[in-house]
J.: 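Submitted below is the structure of interest, expressed as structure tokens.
Residue numbers start from 1 in every chain, and the chains themselves are labelled A, B, ... in the order their sequence lines are given, proteins ahead of strands.
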Protein chains: 2
Amino acid sequence: MRELDAKDRDILGILSKEARIPLKTLAGRIGLSRSATSERVASLENSGVIRGYRADIGQMDKGLICAFLLVTLIRTPSIGILDQLARYPEVRRVSSVSGQLDLIVEIEVPSIDRLNTLRDLIASHGGVEDLTTAIVLRRDIERAVD
Amino acid sequence: MRELDAKDRDILGILSKEARIPLKTLAGRIGLSRSATSERVASLENSGVIRGYRADIGQMDKGLICAFLLVTLIRTPSIGILDQLARYPEVRRVSSVSGQLDLIVEIEVPSIDRLNTLRDLIASHGGVEDLTTAIVLRRDIERAVD
DNA sequence: GGCGCAATCGACGCTTTGCCGGATGCCCCA
DNA sequence: TGGGGCATCCGGCAAAGCGTCGATTGCGCC
């Protein structure tokens, strides 16, 4: 499979919100037979378009503090910092960005103490010029992929 | 269900990576019978710990530009801005944060033009004092919930 | 026109699931 | 101490799920 037609897109749209929907229901919604739908889904999985299925966990991060670390580096291509960040399991996501910032690091820590420790550890890295912490007080909007 | 024991955590860990694993296999991995596992999963779903199941789409976001908008508000409890943000489907997540910033808005747009348009629309809101754009050049680290 | 490929359909049989009754372990209170 | 009450576990049954098969259809190209 190379090109994704409209029905493939429908499948992806539905599965990205309800990954455990019965094949029969899915087939009904996109207007195909169950077996044809089955083959399309299998094809999407095998070709790597569907990389997997994830449970969306809500409560689990209860008690966890989320924060953004806004990082400016001395010289942008500072490789070592990424290796260091990868070592901390609390680091959820790191994005290289354009503009005055260089990295946006998203972390989830169990306590403010751990946040400070982590912050200090990262700030003390030679490549870090500036580091601003923004603790998440509330998720105002959070949308799944549509 | 209030407290999550070790087995619940195991279930969440496995389902967060392989949401469509057969119940029997899941039961084998956590060391419980199939029906007990079934009940636990159902309980986790009903209590809202598992919010849903999503297909992880690879190719689909191709061509989409991700960006962070770092927003400072005039007066922090500026309700109107959230309503406005919620109207744009490109807005993926909005977090109220502590520190010099007030909001961190994550968006996904199909083009730089659309990014600029969105940026201007948000910046022109009365409650916005300052707005910095950080376009994501690369995702260096991205981890699923563990 | 006729051949071939790709996609669809309905049907078959196996697997997985939801639901039930009964057994087991734990806690609390008389 | 002992006996309910509650939560959790297990195994079995019926129903619904799924993958796979051959046959059919639609379409493009020789």
J.: So, does Thr117(B) use its side chain to make a donor-acceptor pair with the main chain of Asp113(B) at under 3.5 Å?
T.: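 Flag set: sc Thr117(B) to bb Asp113(B) pair under 3.5 Å.
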J.: Rounded to the nearest angstrom, tell me the gap between atom CG in Leu32(B) and atom C1' in dT24(C).
T.: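 For the pair Leu32(B) CG and dT24(C) C1', the rounded distance is 14 Å.
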J.: Expressed as a whole number of angstroms, how long is the span from Lys24(A):NZ to dT16(C):C1'?
T.: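 After rounding, the gap between these two atoms is 15 Å.
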J.: So for Ser35(A) and dG19(D), does any side-chain atom that can act as donor or acceptor lie under 3.5 Å from a complementary atom in the base?
T.: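 Donor-acceptor pair under 3.5 Å: no.
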J.: In this structure, how many angstroms lie between the C1' atom of dG19(D) and the CZ atom of Arg20(B), rounded?
T.: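 Going from Arg20(B) (CZ) to dG19(D) (C1'), I get 13 Å.
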J.: State which of dC9(C), dT8(D), dG19(D) makes the closest approach to the side chain of Arg40(B).
T.: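 Taking heavy atoms from C-beta onward, the closest nucleotide is dT8(D).
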J.: Is it the case that atom CD in Glu129(B) sees more than 12 heavy atoms from other parts of the structure closer than 6.0 Å?
T.: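 For Glu129(B), atom CD is crowded (more than 12 foreign heavy atoms under 6.0 Å).
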J.: Picking from dC10(D), dT8(C), dT16(C), which would you name as closest to the side chain of Ser33(A)?
T.: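 Out of dC10(D), dT8(C), dT16(C), the nucleotide with an atom closest to Ser33(A)'s side chain is dT8(C).
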J.: Among dT17(C), dC18(D), dT8(C), find the nucleotide with the atom closest to the side chain of Leu23(A).
T.: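 Closest nucleotide among those given: dC18(D).
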J.: Rounding to an integer number of Å, can you tell me how far Leu44(B) CG sits from dT8(D) P?
T.: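 Distance check: Leu44(B) CG to dT8(D) P gives 11 Å.
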J.: Using atom CD1 of Ile21(B) as one end and atom P of dC18(D) as the other, report the distance to the nearest whole Å.
T.: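 Taking atom P of dC18(D) as the reference, CD1 of Ile21(B) is at 16 Å.
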J.: If only side-chain N and O atoms of Arg34(B) are considered, is one of them under 4.0 Å from the OP1 or OP2 phosphate oxygen of dC9(D)?
T.: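 Result: no.
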J.: Would you call Asp10(B) and Arg40(B) a salt bridge, taking side-chain N to carboxylate O under 4.0 Å as the test?
T.: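 Looking at Asp10(B) and Arg40(B), the cut-off is not met.
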J.: Any donor-acceptor pair under 3.5 Å linking the side chain of Arg20(B) with the backbone of Ala19(A)?
T.: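 Yes.
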J.: Calculate the interatomic distance between Leu26(B) atom CG and dG18(C) atom C1'; express it in whole Å.
T.: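 Going from Leu26(B) (CG) to dG18(C) (C1'), I get 16 Å.
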J.: Rounding to an integer number of Å, can you tell me how far Glu39(A) CD sits from dT8(C) P?
T.: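 Roughly 8 Å, once rounded to whole Å.
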J.: Does dC18(D) have OP1 or OP2 sitting under 4.0 Å from an N or O in the side chain of Ser38(A)?
T.: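 For Ser38(A), the contact criterion (side-chain N or O under 4.0 Å from OP1 or OP2 of dC18(D)) is not met.
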